[in-house]
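Counting from 1, the numbers follow the sequence of the chain as shown. Values below: every heavy atom of this structure, side chains too, minus hydrogens, waters and symmetry copies. On a predicted model such as this, the values are computed, not experimentally measured, just so you know.
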Amino acid sequence: MVRSQLPDWSGLRSQLLEAIGESEKKTHGAVMNSFSELEHEYVEHLRDKLGVKAWSLGPVSLWMNKDYSDKAERGQTIINTGTEHYSNDNLLNWLNSKDHNSVLYVSFGSLTRFRTTQLVEIAHGLEASGHPFIWVVRKKEKDDDDEEESKVFIQSFEERVKDNKRGLIIREWAPQVLILEHPAIGGVVTHCGWNSILEAVTAGLPMITWPLFAEQFYNEKFLTEVVRVGVSVGVKRWSFDWWHIEEDVVVKREEIEKAVRFLMGGEEEALEMRKRVKKLSEAAKMAVESGGSSQSNLTALINELKSLKIRY
């Protein structure tokens, strides 16, 4: 990793890390939102090299949704797409009109707010790629000149892609798991937040990685170089100020277009990536079933806690 992708842990953040380290020394063990087939070597390292008891009990989102019986009720949720409102049923109808694995889902999590200069590059990169997309755009916390400029640009772009049926823009909140489960979705642009990664892996979707802060650059390395189910868009700088990303453009439209064309295309390397993430998806689903790794780890954790109760 290059130095610019790492945070400056001086001052308060350094003190915070020290406090976390001291806390970890006093803990009985760690419970993780993951599954053994995805991070087996890392769990072994925790246990065998660092002496930390660890249980992988995920993916949590899969536990929560695997017995979901009221999908029809989920269809009544209203989604703000900017110029109009859709229900989930309308959204699914839009997706049903697309070919399998043809739509790119773009979301940067709940915290990131890009400035207009970067939004323009994302929009042009997506449009130039030639692939249909769903893009979740977040509103900034404070109104300013750039916020107004963003509104105007996004609205204009939204009307254009709506007319040619190329894309759909969702404001603020999107039913992400429901979208990712749809067969028309063929890939994800992600900020590399761990929950979003697990949801994409569970859905069997390869990723374009666009990390911004926290542990996201480490997660990107894991996706692109270890399990090899992601391709980097080329971000080189860590940015802690996620509420107000710098004025300059971080990623150019040409880089975005290139990454999208690769991920959604039919080149052998992209197809192999898709096969690998499908295998991980199958493993994730098996993990939460009876006899699966996460189910077994949950039983082991319960027994561990029972033994502590008896002991103390």
Side-chain angles (χ1 to χ4, degrees), residues 1-61 107-115 118 138 140-142 188-201 207-230 232-248 250-251 294 297-298 300-301 304-305 308:
M1 296 177 71
V2 297
R3 179 65 187 87
S4 60
Q5 292 175 319
L6 301 174
D8 179 6
W9 291 118
S10 61
L12 178 61
R13 290 178 228 169
S14 178
Q15 296 174 16
L16 176 62
L17 278 184
E18 289 178 8
I20 291 173
E22 289 300 315
S23 176
E24 287 178 344
K25 294 176 183 177
K26 302 174 184 177
T27 61
H28 182 74
V31 174
M32 296 172 291
N33 181 18
S34 187
F35 58 101
S36 296
E37 292 79 2
L38 181 64
E39 297 189 287
H40 179 69
E41 293 84 355
Y42 297 93
V43 174
E44 281 192 341
H45 180 76
L46 276 175
R47 291 173 177 168
D48 301 339
K49 302 298 183 182
L50 302 182
V52 177
K53 293 185 177 182
W55 297 269
S56 295
L57 303 183
V60 170
S61 60
S107 177
F108 296 96
S110 58
L111 294 177
T112 303
R113 308 291 190 273
F114 285 119
R115 293 187 66 84
Q118 183 63 80
R138 305 292 182 183
K140 294 182 181 178
E141 292 297 298
K142 297 179 181 180
V188 178
V189 176
T190 178
H191 63 302
C192 297
W194 190 245
N195 288 331
S196 292
I197 286 173
L198 283 181
E199 289 175 359
V201 167
M207 286 158 270
I208 293 173
T209 58
W210 189 317
L212 295 161
F213 55 87
E215 88 293 356
Q216 293 166 10
F217 283 95
Y218 298 106
N219 293 343
E220 178 187 51
K221 286 290 184 182
F222 178 71
L223 290 174
T224 59
E225 298 183 16
V226 180
V227 292
R228 295 183 297 149
V229 297
S232 174
V233 79
V235 181
K236 297 297 183 184
R237 187 170 66 249
W238 196 96
S239 178
F240 184 73
D241 188 13
W242 59 83
W243 296 108
H244 205 238
I245 300 298
E246 296 93 337
E247 292 187 24
D248 58 322
V250 178
V251 182
S294 292
N297 285 339
L298 178 59
L301 174 60
E304 178 85 10
L305 297 177
L308 285 177

Do the non-hydrogen side-chain atoms of [X] and [Y] ever get within less than 4.5 Å of each other?
X	Y	value
Val189	Phe108	yes
Val43	Ser36	no
Thr190	Ile208	no
Val52	Arg47	no
Met32	Leu57	no
His191	Ser196	yes
Tyr42	Val226	yes
Thr209	Phe222	no

Exercise. Less than 6.0 Å separating the ring centroids of Phe114 and Trp210?
Worked result: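 Here the rings of Trp210 and Phe114 have centres that are less than 6.0 Å from each other.
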How many angstroms lie between [atom1] in [X] and [atom2] in [Y], if you round to the nearest 0.5 Å?
X	Y	atom1	atom2	value
Leu46	Glu41	CG	CD	12.0 Å
Cys192	Ile197	SG	CD1	5.0 Å
Ile20	Lys25	CD1	NZ	13.0 Å

Which heavy atom of [X] sits nearest to which heavy atom of [Y], and what is that distance?
X	Y	value
Ser294	Ser34	OG-O, 3.9 Å
Met207	Ala200	SD-CB, 3.7 Å
Trp55	Asn297	CD1-O, 3.6 Å
Arg237	Gln5	N-CG, 4.5 Å

Backbone N/O of [Y] and side chain of [X]: donor-acceptor pair under 3.5 Å:
X	Y	result
Asn33	Val60	yes
Thr112	Gly109	no
Gln118	Arg115	no

For this session: Apply side-chain contact (heavy atoms from CB on, under 4.5 Å) to the pair Leu212 and Phe217, showing each step before the final yes or no.
Result: CA-CA 7 Å; Leu212 295 161; Phe217 283 95; 5.7 Å; no
Problem set entry | side-chain contact (heavy atoms from CB on, under 4.5 Å) evaluation trace for Gln216 with Trp238 | CA-CA 9 Å; Gln216 293 166 10; Trp238 196 96; over 6 Å; no
Exercise. Does Lys49 come within less than 4.0 Å of Glu44, counting only side-chain N to carboxylate O?
Worked result: no
Exercise. With a 3.5 Å cut-off and no angle check, do the side chains of Ser232 and Glu220 form a donor-acceptor pair?
Worked result: yes
For this session: Please list, chain by chain and in numerical order, all residues satisfying salt bridge (charged side-chain N to carboxylate O under 4.0 Å, His left out) with Glu225, sequence neighbours excluded.
Result: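 For Glu225, the residues satisfying salt bridge (charged side-chain N to carboxylate O under 4.0 Å, His left out) (neighbours in sequence not counted) are Lys221.
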